[in-house]
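Below is one structure, written out as structure tokens; the observations come after it.
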Amino acid sequence: MNVITINEFNTNQNHFLEMAKKGMDLMLKSAIFGNFRIVPIASDDTTEECIADDIPNAETVAAINEAKEHIASIKNGAEITETVDLSSVEAMLKSCGV
């Protein structure tokens, strides 16, 4: 396993990410945050579905547009008639019906 410091990683991120992508074991060492293992996400890993696509789906875009309309109406003097849970992204999207 290759052990690298946070400073080495910051200086050569692309190099170390390429190493991890090629299957090399990397451990990132930080005195403040602790140690981390850098590994690429496998194509069958379910978390990849959450981060692979930077383009929001139609449902999310519709919810964002609806929120923008609400904001505009409130700025124009409309009363706030509903609340949205902002404790997390998941809670917020659930409150918006996404």
### Query
Can you get from V3 to L26 by hopping between Ile, Leu, Val, Met, Phe, Trp and Tyr side chains that sit under 4.5 Å apart?
no
### Query
Does any non-hydrogen side-chain atom of T11 lie less than 4.5 Å from one of F16?
no
#### Entry: Approximate separation, where rounding is to 0.5 Å, of F9 CZ and L17 CG
4.5 Å
### Message
Within the structure provided, determine whether K68 and I64 are in side-chain contact (heavy-atom separation under 4.5 Å).
### Response
yes
#### Entry: T5: partners by side-chain hydrogen bond (donor to acceptor under 3.5 Å, both in side chains), with sequence neighbours left out
E8
### Query
What's the spacing between N7 CG and N12 CG if we round to 0.5 Å?
11.0 Å
Show every donor-acceptor pair shorter than 3.5 Å between a side-chain atom in residues 28-41 and any protein atom, with sequence neighbours excluded, or say none if there are none.
| from | atom 1 | to | atom 2 | distance (Å) |
| --- | --- | --- | --- | --- |
| S30 | OG | I32 | N | 3.3 |
| S30 | OG | F33 | N | 3.1 |
| R37 | NH2 | D25 | OD1 | 3.2 |

### Query
So with a 6.0 Å cut-off around CG of N65, is the heavy-atom count from everything else above 12?
yes
### Query
With the 4.5 Å side-chain cut-off for hydrophobic clustering, are I6 and M27 part of the same group?
no
